[in-house]
There are 2 protein chains.
Amino acid sequence: MEIIEVNTKSRPSRVYCGEGAFAELGACVGGKEAFVVTDTNVQRLYGEQIARALPGAPVCAVPAGERHKNEKTLFKIFDAMLAAGVHRSAVLVALGGGVVGDMGGLAAALYMRGIRVVQVPTTLLAQVDSSVGGKTAIDYGGVKNVVGAFWQPDTVLCDPLFLHTLPPREIRCGLGEILKTGLLDAAVGEKLWASRGRLHDLAFLSEIAADCVRFKARVVAEDETEKSGVRKCLNLGHTTGHALELAYGRRSHGEYVLIGMWLESFIAEREGVCSPEHAQYVRDTVRLALPRIPAFRGARDCVRYALLDKKNSEKGAVSVLLSAGKGEYAERILPAARYADYLGILEERA
Amino acid sequence: MEIIEVNTKSRPSRVYCGEGAFAELGACVGGKEAFVVTDTNVQRLYGEQIARALPGAPVCAVPAGERHKNEKTLFKIFDAMLAAGVHRSAVLVALGGGVVGDMGGLAAALYMRGIRVVQVPTTLLAQVDSSVGGKTAIDYGGVKNVVGAFWQPDTVLCDPLFLHTLPPREIRCGLGEILKTGLLDAAVGEKLWASRGRLHDLAFLSEIAADCVRFKARVVAEDETEKSGVRKCLNLGHTTGHALELAYGRRSHGEYVLIGMWLESFIAEREGVCSPEHAQYVRDTVRLALPRIPAFRGARDCVRYALLDKKNSEKGAVSVLLSAGKGEYAERILPAARYADYLGILEERA
């Protein structure tokens with residue numbers, strides 16, 4: 001097990017990566033009152049382990065799935081916290097995938113103006129990305145993550161024990177963010193290509209997860225609240241990914257990020273942000289996890305979702321983060337019509 | 001006009017106190033996109049001035065009154081922000097009393113994980129207390145301010161121009177927090193007693209408001225998030241005040257704080273926290289604004305509201321902040337039954 005420090009200004013946190021991380025949960029709560037937020041799937045699979053790790057702690061199991069990442073579910077968590085009489089000194093344990101982490105984290109950020117939170121990510125996506133860095137949010141009004149807060153966890157426990165029960169779709173979802181990290185960090189990229197035969201091997205995934213966390217910890221420590229722009233690099237593929245996710249649903253977040261990176265490689269190439277060779281490298285990287293890019297009928301229309309993206313700063317324009325080279329990125333702000341034309345590439349199967 | 005700096009760790013803010021403060025609004029927004037949150041009363045009285053100060057800025061007027069300080073109104077603000085296409089670089093202007101400030105501040109804290117906010121308090125209460133220090137919240141599940149965040153405003157503009165249209169009830173409400181400050185800061189206390197004939201004179205109120213802001217700025221700079229305990233002193237009278245407010249409604253927040261301080265003077269005396277003379281001084285101070293303390297039938301039952309208070313850290317016990325002497329305070333944690341007995345004092349008219 002490895003311990004990675006995330007030295008943010010607001011509150012430093014520690015990420016435990018590897019086997020045995022979950023066994024630290026009791027010690028992390030440290031005798032304080034605990035309140036567990038999880039989802040019904042995780043509760044079914046790991047309910048007993050949770051009860052053993054935190055005897056007597058109240059558990060709030062929200063319905064599973066991104067479509068429940070909304071204000072209704074958030075306020076159900078508050079209902080449960082109030083019913084349990086949770087104090088300001090308590091620790092909220094968010095045990096689940098990205099949705100549980102985002103909502104549990106936000107509940108902790110807001111309950112009595114903020115209580116401590118321990119994140120226990122149970123999906124590959126949450127372990128390599130969303131549980132680290134303090135971003136919390138719900139979706140609202142058709143916009144992803146538009147209501148939220150930066151709220152750093154005290155501790156994040158990334159234990160591979162949870163990966164054994166993940167369906168293939170969830171592994172592919174995590175691979176989306178892992179391959180994204182591979183484009184942002186040249187060393188991670190090389191490792192991924194060198195081990196491309198092991199992308200579904202849990203031992204390898206657990207090892208690369210720690211690499212991804214280490215990379216993200218550096219980025220987040222430098223730019224906790226996405227002010228200087230450094231943290232924006234983590235949005236590679238996300239402008240298009242989020243827009244497609246809102247418009248079409250069904251597929252996982254990570255899969256949409258992969259499709260977003262694929263499409264945005266064409267944007268980077270045609271806007272002169274990267275060489276044709278690098279654009280091809282991006283597409284080849286995406287194909288390590290997603291051999292075939294599906295077609296999206298009417299993809300151009302997704303521009304209206306992209307226009308709602310938080311990253312945008314100009315009316316009528318869309319901000320995209322592009323891979324400019326190995327370990328390099330650049331932001332481009334495109335007029336809506338030009339971005340819509342690029343989306344048109346997705347209308348035919350590749 | 002005076003400028004008071006609030007040097008908090010998360011984000012320093014500046015409070016402009018005095019005539020001409022409102023005229024700085026345009027400059028504070030500094031050419032950025034602005035979004036105004038106000039209430040229907042303030043909109044009726046000052047709608048034109050707002051439109052002149054921020055031409056073209058969208059205005060969201062929420063229904064007036066503490067009972068609207070809830071999640072429904074908060075999400076209506078988000079609806080309006082999304083409909084207006086507000087960007088992350090925008091400035092939210094919260095222009096109104098404490099309710100508008102609390103909800104507008106929380107909307108700013110959460111929209112796209114936080115945008116800048118300028119507070120323009122229009123009531124005496126908001127000018128002397130709630131607009132400064134970054135506490136934002138809504139009430140939920142019968143608990144005051146239980147969902148919220150610490151989110152420092154960039155700027156606070158306290159202009160006496162708004163005080164002219166306040167009804168006497170609102171002046172008394174502000175006096176509650178002013179007299180509380182008088183108990184916490186000996187110099188403010190002396191000034192209040194020396195000028196006790198001018199407590200309804202707007203020129204005097206505007207002057208003492210700046211003193212209260214200066215005091216609060218010191219406290220908040222030392223303990224922004226109520227962690228070290230220093231900021232807790234601002235809760236004098238509030239445990240009982242909030243419990244009565246939840247149980248009986250109708251009266252203003254400041255009036256309940258006055259009644260709370262009156263009752264808690266008996267607690268302080270009987271618990272040995274202060275001398276009988278000081279307890280009498282507290283009651284005399286309260287009477288400067290509230291000559292007669294009303295009786296509350298069934299006041300003992302309010303203990304169940306006090307048990308939900310955020311300050312509590314032990315199950316079955318109530319935390320109260322007590323005036324221990326001029327400029328001194330102490331926290332006491334009382335078993336629920338003992339606190340309920342003290343509440344019994346309120347059952348007979350004083």
Side-chain angles (χ1 to χ4, degrees), chain A residues 9-11 32-33 70-72 74-90 102 105-107 109-115 134-138 140-151 224-227 231 307-317 319, chain B residues 9-11 32-33 70-72 74-90 102 105-107 109-115 134-138 140-151 224-227 231 307-317 319:
Chain A
K9 194 185 137 201
S10 71
R11 181 192 296 114
K32 298 271 180 189
E33 180 187 350
N70 58 29
E71 73 285 8
K72 268 188 205 159
L74 179 67
F75 280 84
K76 272 187 192 153
I77 298 174
F78 292 136
D79 287 335
M81 293 176 84
L82 287 168
V86 173
H87 291 97
R88 188 145 64 167
S89 53
D102 276 10
L106 184 55
L110 294 178
Y111 186 74
M112 296 190 174
R113 297 199 186 91
I115 67 171
K135 278 195 179 181
T136 74
I138 53 171
Y140 185 69
V143 185
K144 298 237 349 154
N145 301 324
V146 76
V147 171
F150 290 98
W151 192 252
E224 181 178 4
T225 57
E226 222 166 287
K227 284 287 179 298
R231 188 167 182 167
L307 281 167
L308 298 172
D309 196 281
K310 290 195 302 301
K311 291 185 293 302
N312 299 333
S313 54
E314 290 174 27
K315 279 210 199 292
S319 154
Chain B
K9 192 185 138 204
S10 69
R11 180 192 297 115
K32 297 270 179 190
E33 181 187 349
N70 57 32
E71 74 285 7
K72 268 188 206 160
L74 178 68
F75 280 84
K76 273 187 193 154
I77 298 174
F78 292 135
D79 287 335
M81 294 175 84
L82 287 169
V86 173
H87 291 98
R88 188 147 63 167
S89 53
D102 276 11
L106 184 55
L110 294 178
Y111 186 74
M112 297 191 173
R113 298 199 185 93
I115 66 171
K135 278 195 179 180
T136 74
I138 53 170
Y140 185 69
V143 185
K144 299 242 340 157
N145 301 324
V146 76
V147 172
F150 290 97
W151 192 252
E224 181 178 3
T225 57
E226 221 166 290
K227 283 287 178 300
R231 188 168 182 167
L307 280 167
L308 298 173
D309 196 282
K310 288 195 302 301
K311 291 186 293 301
N312 300 332
S313 53
E314 292 174 25
K315 279 208 197 294
S319 155

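So you know, we letter chains A, B, ... as the sequences are listed, proteins then strands, and number each from 1. Just so we're clear, the structure is a prediction, and the values are computed from it rather than from any experiment.
In this structure, chain B has a heavy atom under 4.5 Å from the side chain of A/Glu226, while its backbone stays farther away. For B/Val147, the parts lying near chain A are the backbone and the side chain together; criterion is any non-hydrogen pair under 4.5 Å. Only the backbone of A/Ala109 comes within contact range of chain B, judged by heavy atoms closer than 4.5 Å. Heavy atoms of A/Leu74 lying under 4.5 Å from chain B are absent altogether. Only the side chain of A/Leu106 comes within less than 4.5 Å of a heavy atom of chain B; its backbone N, CA, C and O stay farther away. Looking at B/Glu33, only its side chain comes within 4.5 Å of chain A, counting heavy atoms on both sides. Of the two parts of B/Ile115, neither the backbone nor the side chain holds a non-hydrogen atom closer than 4.5 Å to a non-hydrogen atom of chain A. Contact of A/Thr225 with chain B is not made at all, since no heavy-atom distance falls under 4.5 Å.
Between the side chain of B/Arg113 and the backbone N or O of A/Thr136 there is at least one donor-acceptor pair closer than 3.5 Å.
Between chain B and the options A/Phe78, A/Tyr140, A/Trp151, the largest number of non-hydrogen pairs under 4.5 Å is found for A/Tyr140.
Smallest separation of non-hydrogen atoms from B/Leu110 and A/Ala149: CD2-CB, 4.2 Å.
Between the NE2 atom of B/His87 and the CD atom of A/Glu314 there is a distance of 8.0 Å, given to the nearest 0.5 Å. Put simply, NZ on B/Lys227 and CZ on A/Arg88 are 7.0 Å apart, with the number rounded to the nearest 0.5 Å.
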